[in-house]
Amino acid sequence: MVKLKIYKKIISVLDDLGFEYNDSFSIELPNNKKFGDYSSNVAMVNSKNSKMNPRKLAETMKKRLEKNDIFSEVTIAGPGFLNFKISHRLFQKALYDIEKQKEHYGRTDYGKGKKILIEFISANPTGPLNIVSARAASYGDTLYRIMKYTGYQPMREFYINDAGNQVDILAESLELRYREKLGESIGEFPLDAYHGDYLKDLAQELVDAEGSKLIHFSEKGRLSKLKNFALTRMHEIQTNSLDKFGVKIDSWISEKTLRKQGIVEEVMSYLTEANVTYEKDEAIWFESSKIGDEKDRVLMKADGTFTYFVPDIGYHITKFQRGFEKLIDVLGPDHHGYIARLKASIEALKYDSSKLDIVILQQVNLFENGEQVKMSKRSGKFITMDELIADVGKDAARYFFISRKSSSHLNFDLELARKKSAENPVYYIQYAYARISSILKKAKKEKIKIGKISLSVLEGLNNDDEIEIIKKMLELPNLLNSISESLEPSRLATYVYELAAEFHKYYQKYSIIDSENIELSKSRLAFITIIQRVIKICLNLMAISTPEKM
RNA sequence: GCGCCCGUAGCUCAAUUGGAUAGAGUAUCUGACUUCGAAUCAGAGGGUUAUGGGUUCGAGUCCCGUCGGGCGUACCA
């Protein structure tokens, strides 16, 4: 709000100056308070347009800007920054504006109702969700919440790869465990089978439900039964983990179902029609190298079956057909080689591949006792999402993952997460929230009532520390919009941490409740009520809880 | 070899997406509870942002090279 006012003033001055100006300058919080409340690079950006050097232009603008009631001071610094000091009165009004928006503060219509599809996790249904999926879940879900808050119409989708080799191997692995439970000797467990203990549990469930009945089925019938059973249970297990993690999936898409609906044939015919396929070595290839990929890719193998790529192309076409204006795929680092061919296929079919944003979440390196643990689903050596939640809690786990930029490889030290969970920054933020609750409770006990917060109450907030916190809170709407644009929800984690830190400092320095000065107490109580609400808005967007007591 | 990503304090990470003197936590050291919650706060030390160039008013951020690390480079998914 304050920034917008400054922006308008600058624009009106530029209009007066009468040259063709560039309006894409910025208005920022300078990182050093001595430069004032806000600063703008407008003079540097428009130096060429005005045919003046930046400082000269800044001088000219300063003179015109000074005759204005919103600036208490305008100065020029460095290469030509215009620095503004804003009247406290304006900040108090802006704070009142935040107050009036209550728990909707920060909500915008920035996204203009655009339909967005966020596909994330999409883990194979061959085992429980692991720590990598947990990162994707935190990321995708938080992004979803923020986009929704900023006026988009996002949807969370999970693509289930329930067709293909890996599912056959799953069925075979389960069969071995099943026989094992029935007392058969299965010898050495095959290397390429799924080794995790979860299959032993599933086998036990089968034995409990069916006894040894399945042994007498035909092999085909048995494997099919085992496969369906495993897929159903895996889906339940994964859904359950996500549920515990606070993540709801709006739409599950099954590869098997897509195949049944003939998507493979459809894609093949489209691609053939588009004249981008050829036959070689008894296989059918896609000429992706002509559309930006490094080499051509196989669509149909020599044995007549199709690669995973084909239904995936079809799947992406359905995303376009369902009317989404923007597609976000959240993938793991081992999929970066996949981007070019996917985009190539979209181009080949005449869809707009620039609508597809692929976010690669870098890998999670797991450490235990100072050593890196190599994770692999086949070997059964991995930390499940459930274990993670049980160890460090949903809130800490979510915050940990969200707070890292998607592009950073992150190290996850299990020992540290378990042992030092109380030192996790998420507690620092929650503590600020709980602390405010506690102060408000005390005020109530002392019969200091704030009631409905009015502008005149907020006028009691006059010191620099209070103004700093107001400025910080004013940043939220722009921040959220910018996160929706840059797809980096990590910035919200940083933001709310900083806000909590400013509150803790403020608390330490000033008494909120001062029985000698009831008026001031009321102002400050109103103030921390608003701070608390902003913290809550942020934590809600990350699906992190806001305990009143800790 | 080729392609993509990463390299910031001892360690884990930030840095308003190109802004001014690169910041937090942790670890080390020093202070602050008879008090609205010490899961907190104040302070000290810790940096040639891997490295060499370039682009411009201005670079941790963009471009090129080099050196390290990860991943990919399947008729697996």
Side-chain angles (χ1 to χ4, degrees), chain A residues 26 28-32 34-35 39-41 43-45 47-48 53-55 77-81 83 124 126 161 163-167 169 192 255 280-285 293-295 297-309 312 332-340 360 362-363 365 400 403-405 407-413 416 420 422-425 427-428 430-432 434-443 445-446 475 478-479 482 485-486 488 490-491 493-495 497-498 501 503-515 521 524-525 528 549-550:
Chain A
S26 65
E28 288 166 338
L29 291 179
N31 56 14
N32 190 326
K34 79 172 185 200
F35 293 126
S39 84
S40 178
N41 61 357
M44 280 109 90
V45 171
S47 165
K48 274 180 192 155
N53 72 46
R55 281 202 73 109
F81 284 101
N83 295 329
N124 277 338
T126 52
N161 299 124
N165 283 342
Q166 83 283 5
V167 196
I169 295 171
D192 64 347
E255 180 186 350
K280 194 182 90 181
D281 303 333
E282 292 170 47
I284 296 177
W285 296 70
D293 197 4
E294 50 180 313
K295 58 172 126 179
R297 307 291 173 176
V298 170
L299 298 167
M300 192 185 87
K301 301 182 239 172
D303 66 5
T305 63
F306 293 89
T307 59
Y308 159 86
F309 187 32
D312 204 33
D334 49 338
H335 283 73
H336 64 71
Y338 194 67
I339 300 174
I360 297 286
Q362 286 303 325
Q363 73 194 74
N365 294 320
F400 181 82
S403 64
R404 262 60 163 181
K405 261 194 314 212
S407 61
S408 71
H409 301 225
L410 77 83
N411 292 337
F412 198 100
D413 190 322
L416 212 69
K420 301 198 170 183
E423 289 171 27
N424 192 301
Y427 294 94
Y428 179 87
Q430 289 177 322
Y431 181 51
R435 203 175 217 180
I436 293 172
S437 289
S438 167
I439 299 168
L440 294 175
K441 210 174 288 167
K442 182 176 158 118
K445 214 182 257 172
E446 296 189 9
E475 289 296 296
N478 279 336
L479 176 75
S482 151
E485 197 74 53
S486 64
E488 277 299 358
S490 65
R491 290 167 60 195
T494 309
Y495 171 84
Y497 182 87
E498 286 168 357
F503 165 73
H504 282 309
K505 276 178 207 166
Y506 177 71
Y507 165 85
Q508 212 77 27
K509 194 164 164 185
Y510 302 95
S511 301
I512 309 293
I513 299 174
D514 179 356
S515 46
S521 301
R524 291 187 168 160
L525 285 166
I528 65 170
K549 254 192 271 183
M550 295 174 68

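Since this is a predicted model, take the numbers as computed values, not measurements.
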field: Separation of the C1' atoms in B:G7 and B:U51, to the nearest angstrom
entry: 11 Å

statement: Assigned chi class of B:U17 under the 90° convention is syn

message: So does A:Ala493 get a backbone contact from the side chain of A:Ser403, meaning a donor-acceptor N/O pair under 3.5 Å?
response: no

field: Pair of N/O donor and acceptor under 3.5 Å linking B:U21 base with A:Lys34 side chain
entry: yes

- prompt: According to the Watson-Crick and G-U wobble definition with distances under 3.5 Å, which dot-bracket string, read 5' to 3', encodes RNA chain B, using [ ] for crossing pairs and | for pairs with another strand?
  reply: (((((((..((((.....[...)))).(((((.......))))).....(((((..]....))))))))))))....

message: Ring centres within less than 5.5 Å and planes less than 30° apart: is that true of A:Tyr431 and B:G37 in this structure?
response: no

message: Would you measure the distance from the C1' atom in B:G69 across to the matching atom in B:A22 and give it in whole Å?
response: 24 Å

- request: Heavy atoms under 4.0 Å is the rule here; annotate nucleotides 11-19 of chain B 5' to 3' with B where the base is hit, S where only the sugar-phosphate is, and - elsewhere.
  value: -SSSSBB-B

query: Starting at the 5' end of RNA chain B, which residue's closest nucleotide do you reach first, A:Asp334 or A:Gly78?
result: A:Gly78

- prompt: Rounded to the Å, how far apart are A:Lys445 NZ and B:G37 C1'?
  reply: 12 Å

- request: Give the intermediate values and the outcome of side chain to side chain contact (heavy atoms under 4.5 Å, CB included) for residues A:Leu299 and A:Trp285.
  value: CA-CA 5 Å; A:Leu299 298 167; A:Trp285 296 70; over 6 Å; no

message: Can you measure A:Tyr497 atom OH to B:G23 atom C1' for me and round it to whole angstrom units?
response: 11 Å

field: N or O in side chain of A:Lys48 less than 4.0 angstrom from B:U56 OP1/OP2
entry: no

- line: Hits for ring-ring contact (aromatic ring centres under 6.0 Å, His included) against A:Phe306, two or more places apart or cross-chain, chain-then-number order -> none

message: Over all strands shown, is A:Ser47 touching base, sugar-phosphate only, or nothing at heavy-atom distances under 4.0 angstrom?
response: nothing

query: A:Asp312 near the nucleic acid: base, sugar-phosphate alone, or nothing, with a heavy-atom cut-off under 4.0 Å?
result: nothing

task: Give the intermediate values and the outcome of side chain to side chain contact (heavy atoms under 4.5 Å, CB included) for residues A:Ile528 and A:Tyr507.
output: CA-CA 9 Å; A:Ile528 65 170; A:Tyr507 165 85; over 6 Å; no

query: With distance as the sole test, does A:Thr305 use its side chain to make a donor-acceptor pair with the main-chain N or O of A:Lys301 at under 3.5 Å?
result: no

message: What I'd like to find out is whether the side chain of A:Tyr506 reaches to under 4.5 Å of the side chain of A:Ile512, using heavy atoms alone.
response: yes

- request: Would you mind reading off the distance between A:Asn53 atom CG and B:C57 atom C1', rounded to a whole angstrom?
  value: 9 Å

Those residues that, when tested against A:Lys442, pass salt bridge (charged side-chain N to carboxylate O under 4.0 Å, His left out) (two or more places apart): A:Glu446

- prompt: A:Arg297 side chain N/O closer than 4.0 Å to the phosphate oxygens (OP1, OP2) of B:A74?
  reply: no

message: Applying a 4.0 Å non-hydrogen cut-off, can you work out what A:Phe503 is touching in the nucleic acid: base, sugar-phosphate, or nothing?
response: nothing

- line: Between CG of A:Asn424 and C1' of B:A24 the distance, given in whole Å, is 14 Å

field: For atom OH of A:Tyr506 and atom C1' of B:C36, their distance in whole Å
entry: 12 Å

field: Sugar-phosphate only, base, or nothing, as touched by A:Ala434 at under 4.0 Å among non-hydrogen atoms
entry: base

Protein-nucleotide distance (A:His504, atom NE2; B:A38, atom C1'), rounded to Å: 11 Å

- request: Looking only at side-chain atoms of A:Gln508, point me to the closest of B:G37, B:C75, B:C41.
  value: B:C41

query: Taking only residues two or more places apart in sequence, or in another chain, which ones meet A:Tyr338 in a side-chain hydrogen bond (donor to acceptor under 3.5 Å, both in side chains)?
result: A:Asp312

query: Reckon A:Lys295 touches a base, only the sugar-phosphate, or nothing at all at heavy-atom distances under 4.0 Å?
result: sugar-phosphate

statement: Sequence neighbours excluded, the answer for salt bridge (charged side-chain N to carboxylate O under 4.0 Å, His left out) partners of A:Arg297 is A:Asp293

message: Using atom C1' in both nucleotides, what's the gap between B:U66 and B:U30 to the nearest angstrom?
response: 45 Å

- prompt: Using atom C1' of each nucleotide, how far apart are B:G52 and B:C71 to the nearest Å?
  reply: 27 Å

task: Check side-chain hydrogen bond (donor to acceptor under 3.5 Å, both in side chains) between A:His504 and all other residues, then give those that pass, not counting sequence neighbours.
output: A:Arg435

statement: Taken in chain and number order and not counting sequence neighbours, the residues that satisfy side chain to side chain contact (heavy atoms under 4.5 Å, CB included) with A:Ala434 are A:Met550

message: With a 4.0 Å limit, can you tell me whether A:Lys509 has a side-chain N or O closer than that to the phosphate oxygens OP1/OP2 of B:C36?
response: no

- line: Here the distance between atom P of B:A77 and atom CE of A:Met300, to the nearest Å, is 14 Å

task: Round to a whole Å and report the spacing from NZ of A:Lys442 to P of B:U35.
output: 10 Å

query: Who are the side-chain hydrogen bond (donor to acceptor under 3.5 Å, both in side chains) partners of A:Ser437, not counting sequence neighbours?
result: A:Gln532, A:Glu548

statement: Comparing A:Lys505 with A:Asn32, nearest RNA chain B nucleotide closer to 5' gives the residue A:Asn32

query: Residues two or more places apart in sequence or in another chain: which of them pass salt bridge (charged side-chain N to carboxylate O under 4.0 Å, His left out) with A:Arg404?
result: none

- prompt: With sugar-phosphate meaning primed atoms plus P, OP1 and OP2, does A:Asn83 contact a base, only sugar-phosphate, or nothing at under 4.0 Å between heavy atoms?
  reply: base

Using a cut-off of under 3.5 Å, enumerate the N/O to N/O pairs linking the protein to nucleotides 2-4 of chain B.
from	atom 1	to	atom 2	distance (Å)
B:G3	N2	A:His336	NE2	3.1
B:C4	O2	A:His336	NE2	3.4

field: Main-chain N/O of A:Asn53 paired with A:Ser47 side-chain donor or acceptor, under 3.5 Å
entry: no

- prompt: With a non-hydrogen cut-off below 4.0 angstrom, is A:Ala432 in contact with a base, only sugar-phosphate, or nothing?
  reply: nothing

task: Tell me, please, which residues at least two apart from A:Glu255 pass salt bridge (charged side-chain N to carboxylate O under 4.0 Å, His left out).
output: A:Arg259

query: Can B:C41 be described as syn, meaning its chi torsion is within 90° of 0, or is it anti?
result: anti

query: What integer number of Å spans the P atoms of B:U55 and B:G60?
result: 16 Å

message: Using a 4.0 Å heavy-atom cut-off, does A:Tyr507 contact any base of the nucleic acid, only the sugar-phosphate backbone, or nothing at all?
response: base

- prompt: Under 4.0 angstrom, heavy atoms only, what part of the nucleic acid is A:Ala163 near: base, sugar-phosphate, or nothing?
  reply: sugar-phosphate

task: From the options B:C76, B:C75, B:C36, select the nucleotide whose nearest atom is closest to the side chain of A:Ile512.
output: B:C36

P-based separation of B:C29 from B:U34 [nearest Å]: 24 Å

